[in-house]
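Worksheet: the structure to be examined is printed underneath.
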Amino acid sequence: MSPILEVRNLQTHFFTKAGVLKAVDGVSFEIGAGEIIGLVGESGSGKSITGFSILGLVDEPGRIVGGQILFKGQDLTTLAPADMQKMRGSRIAMIFQDPMMTLNPVLRIETQMIEAIQTHDSSVGKDEARQRSRDALGLVGISSPEERMRAYPHQFSGGMRQRVSIAIAMLNRPDLIIADEPTTALDVTIQGQVIHEMQKLCRKTRTALLWITHDLAVVAGISNRICVMYAGRVVEQGPNEALIGKPMHPYTNGLLGSVPSQNRRGEPLQQIEGIVPSLLNLPAGCAFENRCSNALPECRQSAPEEVTMDDQRILRCFNRMK
Ligand SMILES: Nc1ncnc2c1ncn2[C@@H]1O[C@H](COP(=O)(O)OP(=O)(O)OP(=O)(O)O)[C@@H](O)[C@H]1O
Ligand SMILES: [Mg+2]
């Protein structure tokens, strides 16, 4: 079966006064129906810009300068802005860290949900739209949806607001959802609930989900595959268990070292020492070389290409972890 989304060698650069900033520089991955892909990396690694590129939301001075974004075989990078706008909110939906990016503070939840349905399909009547909205709220775990949908966004808690924005994202039964740090602002218990709700929903409705987070622990439990980004590139990607169980890139290993786990309880969290090189002035070699404890002389000379390993893992490293 062909994937819902295929990102091939995506390059999104910002043409700033200080020079060309390579925010995304050769990113490739795919997502199948009902699959969850976790896109993980430190702040500034290019996760959000990857998401924005797929959604056609990269603004000046940024531009997609290379690669393809195939959505059900159609290259989104060649779509006219009006067609891309139709795609958003219908076939491709998004969930942001701040649910108020989706919600209008001055309208009742019900009004916003009905509008989201009718904008997409004007043949749906008000009663049917109301019914579908009620069902969607029920699906994300909002009790008494009939009554709650008459409320305004500020009458909900942060966790409930995020559930509403998830319900809105699911309203038109999209094929793909891009969720950028959707649970980061929530407290840990609520975070866990929302994550599992999303996982259940996507499996049930066969929706593909790209889950962006800086926290590997968040996606470790729910993803089919994980892509680890560093300085605008995916340095390692692979099936969830393989990648967590046996990381091959020293950066992934470092990230895992900073995830609290049972057997490390009580020990301080490991930090990866050093700083990310400037995306305006990347070295000729591997961008992780200055922080890597396993670096070889060749790591300074050229950047490693992607290599596919036996276990469907894709790696950019000259000296993989044994
Ligand atoms: N409008 C812009 N102009 C110039 N540079 C930008 C712009 N937007 C983003 N960038 C740069 O692109 C790089 C990638 O940013 P991005 O927002 O994708 O990071 P991220 O991985 O999502 O980080 P975070 O975890 O902090 O959200 C960063 O170096 C950022 O400074
Ligand atoms: Mg971001």
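Here the structure is a predicted model, which is why all the values come from computation and not from measurement. Every heavy atom of this structure was used, including side-chain atoms; hydrogens, water molecules and symmetry mates were not. In each ligand, atom 1 is the first atom listed, and ligand 1 is the first ligand listed.
- Between Gly46 and ligand 1, a contact under 3.5 Å exists for at least one N or O pair.
- When hydrogens are left out, the protein atom nearest atom 10 (N) of ligand 1 is Phe14 CE1, 3.8 Å; that is the closest non-hydrogen contact.
- Residue-level proximity to ligand 1 for Leu279 is carried by the side chain, the only part with a heavy atom below 4.0 angstrom.
- Contacts of Leu21 with ligand 1, taken as heavy-atom pairs under 4.0 Å, involve the side chain alone.
- For the residue pair Asn9/Ser28, the side-chain donor-acceptor check at 3.5 Å is not satisfied.
- Between Lys47 and ligand 1, a contact under 3.5 Å exists for at least one N or O pair.
- For ligand 1, none of its N or O atoms has an N or O atom of Ala23 under 3.5 Å away.
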Legend entry - CA sep, side-chain torsions, deciding dist, call: Phe14, Val20, side chain to side chain contact (heavy atoms under 4.5 Å, CB included): CA-CA 6 Å; Phe14 287 90; Val20 181; over 6 Å; no
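- Counted by atom type alone, Thr184 and Gln97 present zero donor-acceptor pairs between their side chains at under 3.5 Å.
- Looking at Thr16 next to ligand 1, no N or O pair under 3.5 Å apart turns up.
- Side-chain contact, Gln193 with Arg163: a donor N or O sits under 3.5 Å from an acceptor N or O.
- In the hydrophobic clustering of this structure, Ile212 groups with Ile54; members are Ile, Leu, Val, Met, Phe, Trp, Tyr whose side-chain heavy atoms approach within less than 4.5 Å, directly or through other members.
- Residue nearest to atom 26 (O) of ligand 1, selected from Gly232, Gly44, Ser43: Ser43 (by heavy-atom distance).
- For the Mg ion (ligand 2), the N/O/S atoms of Gln97 include none lying under 2.8 Å.
- When only modelled atom types and interatomic distance are considered, Gln131 and Asp127 share no side-chain donor-acceptor pair under 3.5 Å.
- Of the N or O atoms in His214, none lie within a sub-3.5 Å distance of an N or O in ligand 1.
- By the definition of a contact as any protein heavy atom under 4.0 Å away, atom 2 (C) of ligand 1 is in contact.
- Phe156 carries Arg148 over the face of its six-membered ring, with the cationic atom under 6.0 Å from the centre and within 45° of the normal.
- Between the side chains of Tyr251 and Arg316, no donor-acceptor pair of N or O atoms lies under 3.5 Å.
- Looking at Ser45 next to ligand 1, an N or O pair under 3.5 Å apart turns up.
- When heavy-atom distances to ligand 1 are checked against a 4.0 Å cut-off, Met229 has no atom that comes that close, whether in backbone or side chain.
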